[in-house]
S.K.: 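Structure below; questions to follow.
Atoms considered below: every heavy atom in the structure, side chains included; atoms not considered: hydrogens, waters and symmetry mates.
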Amino acid sequence: MAKGPVLFDLEGDTAPRPSVAEAPMVVDLPEQDAPRGQAMQIAARLAARKPSRLTRLFWTLAGVIVAAFVSLAAWTFITDLMARYPLVGLAMSVLMGIFLLVLALVALREMAAFGRLGRLDTLRHNAAQALAQDDLSAARGVTDQLVRLYKGREDTRWGRERLAELRGDQLDAAALLSVAESEVLAPLDLAAQREVEAAARQVATVTALVPIALADVAAALTSNLRMIRRIAEVYGGRSGFFGSWRLTRAVLSHLVATGAVAVGDDMLEPILGGSILGKLSRRFGEGLVNGALTARVGVATMEVCRPLPFTKSARPKVRQIIKSSLGSLFSKGDAKP
């Protein structure tokens with residue numbers, strides 16, 4: 001039996017031969033099943049969506065009408081109760097007064113939370129202005145505000161003492177703010193980064209293990225809200241419910257506008273290397289991508305809540321956070337979950 005290629009003589013064949021140039025173009029089909037972090041993308045767009053004026057007007061009027069009906073109903077109920085049963089009506093009036101007092105305290109707490117977030121924004125703006133103008137006196141004012149902001153916090157005591165020792169030796173604004181950043185904010189940056197890593201692991205795990213529809217979206221949104229609130233608390237901007245929601249909308253709106261919620265293989269390359277998304281199961285890949293997107297949200301939150309811009313201290317790398325938080329899900333040399 002002959003080995004090797006078989007040759008066919010086509011000299012007698014008069015049929016036209018096909019040309020390579022006339023061959024149709026091969027179109028690559030999109031990877032429909034590749035994980036794209038749908039839970040985080042949906043959660044980001046839901047949180048960043050700004051209602052229209054008509055929608056805001058509708059909810060405002062609805063809230064006023066409901067509050068009016070509730071107030072009139074409560075007033076009528078208490079007056080009728082006072083007329084029929086004076087002692088019971090008096091007790092109900094006391095309870096209603098306590099409820100209104102608690103409601104006022106909650107409102108004051110929300111206002112104080114907005115004030116704390118505004119103070120962080122003002123401090124960061126003043127620091128940026130001092131750096132841009134190289135104003136040493138303005139930089140000293142910023143460091144004084146920073147010390148007052150963290151006065152009484154034990155985790156910044158050593159850094160504040162070091163800043164007091166070294167600030168007299170600094171001769172320009174950049175050097176002074178760099179010392180304040182490295183001595184006072186360094187431990188806070190580590191604490192905030194740990195919060196980001198914990199949230200990324202939680203979102204990845206829930207998405208991978210919970211197959212219920214929309215449960216991953218709810219888990220991603222809840223985890224990101226909690227992460228943003230805790231990062232704000234780390235930097236001294238402890239916020240209430242409305243303050244946390246406003247901060248979340250600001251962060252996610254920025255990410256959606258800049259396209260940072262898009263995903264690619266490069267996000268997970270530090271974990272496994274190569275074309276990762278094609279090696280993972282659909283559900284597990286979605287979990288990793290959602291965790292990676294959560295890390296992006298966390299880094300953006302650190303930039304928003306930090307009282308000083310990143311100058312001397314390096315801005316946290318999203319790839320490094322992904323590697324440290326999600327890399328433990330894989331064993332060395334193994335590219336499968």
S.K.: Tell me whether Met82 is reachable from Met96 by hopping between hydrophobic residues (I, L, V, M, F, W, Y) whose side-chain heavy atoms are closer than 4.5 Å.
M.R.: yes
S.K.: Can you list, pair by pair, the side-chain donor-acceptor contacts under 3.5 Å of residues 84-93, counting residues two or more places apart and other chains?
M.R.:
residue	atom	partner	partner atom	Å
Ser93	OG	Gly89	O	2.8

S.K.: Supply the atom-to-atom distance Phe310 CZ to Glu181 CD, rounded to the nearest 0.5 angstrom.
M.R.: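 Between atom CZ of Phe310 and atom CD of Glu181 there are 7.0 Å.
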S.K.: From Asn126 CG over to Leu146 CG, what is the distance, rounded to the nearest 0.5 angstrom?
M.R.: 12.0 Å
S.K.: Would Asn224 and Met227 count as a side chain to side chain contact (heavy atoms under 4.5 Å, CB included) here? Give the steps.
M.R.: CA-CA 5 Å; Asn224 279 266; Met227 175 189 68; 3.7 Å; yes
S.K.: Are side-chain heavy atoms of Leu185 and Pro307 found at a separation under 4.5 Å?
M.R.: yes
S.K.: List, one per line, each side-chain donor-acceptor pair under 3.5 Å for residues 60-72, sequence neighbours excluded.
M.R.:
residue	atom	partner	partner atom	Å
Thr60	OG1	Arg56	O	2.7
Ser71	OG	Ala67	O	2.8

S.K.: Sequence neighbours left out, what passes side chain to side chain donor-acceptor pair (under 3.5 Å) with Arg160? Give chain and number order.
M.R.: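 Testing Arg160 for side chain to side chain donor-acceptor pair (under 3.5 Å), a comparison that skips the adjacent residues, returns Thr156.
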S.K.: Could you please spell out the steps behind the side chain to side chain contact (heavy atoms under 4.5 Å, CB included) verdict for Ile321 and Lys317?
M.R.: CA-CA 6 Å; Ile321 293 177; Lys317 302 287 186 181; over 6 Å; no
S.K.: Does any pair with a residue in residues 120-134 pass salt bridge (charged side-chain N to carboxylate O under 4.0 Å, His left out), and if so which ones, sequence neighbours excluded?
M.R.: Asp121-Arg124
S.K.: Is there a donor-acceptor contact under 3.5 Å from the side chain of Thr76 to the main chain of Ala73?
M.R.: no
S.K.: Measuring from Gln320:CD to Glu197:CD, what's the distance to the nearest 0.5 Å?
M.R.: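 Answer rounded to 0.5 Å: 8.5 Å.
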S.K.: List the atom of Leu120, the atom of Tyr235, and the distance in Å for their closest heavy-atom pair.
M.R.: CD2-O, 3.5 Å
S.K.: Show your reasoning for whether salt bridge (charged side-chain N to carboxylate O under 4.0 Å, His left out) applies to Glu195 and Arg229.
M.R.: CA-CA 10 Å; Glu195 294 291 343; Arg229 187 182 69 245; over 6 Å; no
S.K.: Between Pro309 and Ala127, what is the shortest heavy-atom contact and its length?
M.R.: CD-CB, 3.8 Å
S.K.: Taking all non-hydrogen atoms of both residues, which atom of Gly298 and which atom of Ile231 are closest, and how far apart?
M.R.: O-CD1, 3.8 Å
S.K.: Run the numbers on Leu166 and Leu176 for side chain to side chain contact (heavy atoms under 4.5 Å, CB included), then give the verdict.
M.R.: CA-CA 8 Å; Leu166 299 175; Leu176 179 58; over 6 Å; no
S.K.: Taking atom CG of Leu171 as the centre, does the number of heavy atoms from other residues, nucleotides or ligands within less than 6.0 Å exceed 12?
M.R.: no
S.K.: Side chains of Val196 and Thr301: does their closest heavy-atom pair fall under 4.5 Å?
M.R.: no
S.K.: Evaluate salt bridge (charged side-chain N to carboxylate O under 4.0 Å, His left out) for Arg157 paired with Glu154, printing each intermediate quantity in order.
M.R.: CA-CA 5 Å; Arg157 181 179 60 83; Glu154 187 63 26; 2.8 Å; yes
S.K.: Ala191 and Val234: which non-hydrogen atoms are nearest, and at how many Å?
M.R.: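 Heavy atoms of Ala191 and Val234 come nearest at CB-CG1, 4.1 Å.
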S.K.: Are Val299 and Leu190 connected in the hydrophobic side-chain network, where two residues link if heavy atoms are under 4.5 Å apart?
M.R.: no
S.K.: Taking only Lys NZ, Arg NE, NH1 and NH2, and the carboxylate oxygens of Asp or Glu, determine whether Glu165 and Arg162 approach each other closer than 4.0 Å.
M.R.: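 Looking at Arg162 together with Glu165, the answer is yes, because their closest N to O distance falls below 4.0 Å.
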S.K.: Sequence neighbours excluded, which residues qualify as side chain to side chain donor-acceptor pair (under 3.5 Å) partners of Gln133?
M.R.: none
S.K.: Looking at every heavy atom in both Val184 and Leu188, which two are closest together, and how far apart are they?
M.R.: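 Shortest heavy-atom separation between Val184 and Leu188 comes out as O-CG, 4.0 Å.
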S.K.: Can you name the nearest heavy-atom pair linking Leu136 to Ala173, along with the distance?
M.R.: CD1-N, 4.0 Å
S.K.: Count I, L, V, M, F, W, Y as connected when their side-chain heavy atoms are under 4.5 Å apart, and connections chain through other members. Are Leu149 and Trp158 then in the same cluster?
M.R.: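 No, Leu149 does not connect to Trp158 through the hydrophobic network.
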S.K.: Report the distance from atom CG of Leu105 to atom CD of Glu110, rounding to the nearest 0.5 Å.
M.R.: 12.0 Å
S.K.: For Tyr150 and Asp155, run side chain to side chain contact (heavy atoms under 4.5 Å, CB included): C-alpha distance rounded to whole Å, both residues' side-chain angles, the deciding distance at 0.1 Å, then the answer.
M.R.: CA-CA 9 Å; Tyr150 295 127; Asp155 54 349; over 6 Å; no
S.K.: Output every pair passing salt bridge (charged side-chain N to carboxylate O under 4.0 Å, His left out) with a member in residues 135-148, not counting sequence neighbours, ordered by first then second residue.
M.R.: Asp144-Arg167
S.K.: What distance do Leu308 atom CG and Leu123 atom CG have between them, rounded to the nearest 0.5 Å?
M.R.: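 Result: 5.5 Å between the selected atoms.
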